[in-house]
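Just so you know, ligand 1 is whichever comes first in the structure, and atom 1 is the first atom listed for that ligand. Nothing fancy with the numbering, it's 1 onward along the sequence.
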Amino acid sequence: MTVMQYPTRLSCGSRVLDLTRPHVMGILNVTPDSFSDGGRFAARDAALRHAAAMVAAGATLIDIGGESTRPGARPVSAVEELERVAPVVEAVFAELDVVISLDTSTPAVMREGARLGAGMINDVRALRRDGALETASDSGLAVCLMHMLGEPGTMQQDPYYRDVVLEVREFLQQRMVVCAEAGIPAERIVLDPGFGFAKNLAHNLSLFRHLEALHDLGRPLLVGVSRKSMIGQALGREVHERLSGGLALAALAVAKGAGIVRVHDVAETVDAVRMIAAVQSAE
Ligand code: 9MG
C-alpha cells in the first residue's frame with residue numbers, strides 16, 4: 001500500500017481539507033436532466049437535499065457542475081451555466097459543512113462561485129479557456145487540474161499516445177508550471193489524470209495501473225471513475241450496473257495513494273475507503 005508524503009492540509013476558501021486521510025467527493029450535476037422538475041427553487045431544493053444526503057453519508061467535498069462533459073453534450077453559455085449552479089452553490093455553502101468544488105471551465109462561473117462560497121475549482125480543461133488562469137489565480141481557491149486532450153465533444157475520436165502515463169504526467173507538470181507563472185502556487189493544486197477523457201480502455205487501464213507515477217509531482221491526486229465507460233467496457237456492464245466495478249477502482253485508487261475519489265455512490269465508497277484506512281492503520 002502507498003503512503004504519500006504530501007502537505008497535510010489543502011486550503012479551500014474558508015474551509016480546509018485534512019490530507020492525512022482520503023476524501024470522498026460527491027457528484028452533484030445540476031444540468032436540466034438532473035433536478036429540473038417543478039421550477040428553479042424546487043430544483044435548487046432538490047439539489048440541496050441530494051448534497052445533504054451525500055454529506056450525511058460521509059462526503060467531505062461536493063462537486064457542483066452545470067455543464068455536461070459527456071461526449072456529444074450540448075455546450076452551454078456562461079449565463080446558462082451560472083443560472084444552474086449559482087443558487088445551488090449558495091444554498092450548499094449556507095446549509096452544509098462541506099468543501100464545495102465547482103466543476104467548471106468558465107471564468108464567469110469561477111468568479112461568481114468563489115464569491116458564493118466555493119472552495120475549489122475543478123476544471124476538466126485545466127484552466128485552458130481564455131481568462132481561466134487569471135480568474136482562478138485571483139480567486140485564491142484550490143484548483144484541480146485534469147488531463148484531457150481536445151474538447152469533450154470530440155475527445156474520444158481515436159485518442160493516441162506513444163506512452164499514456166508519461167504524456168499525462170508531462171501535461172500535468174506543464175500545467176503546474178503555467179499555473180505558477182500565473183500566480184497559482186503548487187500548494188493550491190490537486191492533479192487528476194482524467195480517466196475517460198480522450199482515452200480508450202487500454203489507456204485508462206494502463207494509467208490506472210501506473211497511477212503511482214504521478215506521485216512525484218508532489219500534489220494530491222483526484223481520481224474520477226464512477227460509473228464511467230471504462231467499467232462498462234472492461235466488465236460488459238450498463239451504467240446502472242457499474243457500482244461494484246466503481247468501488248473496486250475507488251478502493252484501488254486510494255490504496256495507490258489517491259487523496260480524493262469523485263463518485264456518485266457516496267455511502268458505498270465511504271465504507272470502502274474506511275475499510276482501507278482500517279487496514280492501513282493496523283500494526
Ligand atoms: C467533471 N468530471 C467528470 N469526470 C471527472 C473526473 O474524472 N475528474 C474530474 N476532476 N472532474 C470530472
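- Not one N or O of Thr69 is nearer than 3.5 Å to an N or O of ligand 1, by distance alone.
- The shortest N or O to N or O distance between Phe195 and ligand 1 is not under 3.5 Å.
- Remark: Arg125 engages Glu67 in a salt bridge, criterion side-chain N to carboxylate O under 4.0 Å.
- Asp265 has a carboxylate O that lies under 4.0 Å from a charged side-chain N of Arg227, or vice versa, which qualifies the two as a salt bridge.
- The two residues Leu211 and Pro193 come nearest to each other via the heavy atoms CD1-CG, 3.9 Å.
- Contact annotation: the side chain of Asp123 never approaches that of Val143 to less than 4.5 Å [non-hydrogen atoms, C-beta and beyond].
- Atom CZ of Arg128 has more than 12 neighbouring heavy atoms from other residues, nucleotides or ligands inside a 6.0 Å radius.
- Contact check on Arg115 versus Glu112 returns a salt bridge, with a Lys/Arg side-chain nitrogen under 4.0 Å from an Asp/Glu carboxylate oxygen.
- Between Phe93 and Leu116, the closest side-chain pair of non-hydrogen atoms is not below 4.5 Å.
- Closest to atom 2 (N) of ligand 1, if we only count protein heavy atoms, is Arg262 CZ, 3.3 Å.
- For atom 6 (C) of ligand 1, the closest non-hydrogen atom of the protein is Lys228 NZ, 3.5 Å.
- Arg169 and Asp216 are joined by a salt bridge, as a carboxylate oxygen and a charged side-chain nitrogen come within less than 4.0 angstrom of each other.
- Residue Asp103 has at least one heavy-atom neighbour below 4.0 Å for each of these atoms of ligand 1: 1 (C).
- Interface atoms of ligand 1 facing Gly224, defined by a heavy-atom separation under 4.0 Å, are 7 (O).
- Across Ile189 and Pro220, no two heavy atoms sit closer than the pair O-CD, 3.7 Å.
- Residue contacts with ligand 1: Asp192 is placed with a nitrogen or oxygen under 3.5 Å of a nitrogen or oxygen of the ligand (distance criterion only).
- Near Val124, meaning under 4.0 Å from any of its heavy atoms, are these atoms of ligand 1: 1 (C), 2 (N), 11 (N), 12 (C).
- Here is the list of ligand 1 atoms found below 4.0 Å of a heavy atom in Met146: 6 (C), 8 (N), 9 (C).
- The protein heavy atom nearest to atom 11 (N) of ligand 1 is Asn122 ND2, 3.1 Å.
- Checked against a 3.5 angstrom limit, the closest N/O atoms of Asp63 and ligand 1 fall outside it.
- Counting heavy atoms under 4.0 Å from ligand 1, residue Val225 does not touch it at all.
- Heavy-atom proximity to Phe197, at under 4.0 Å, picks out these atoms of ligand 1: 3 (C), 4 (N), 5 (C).
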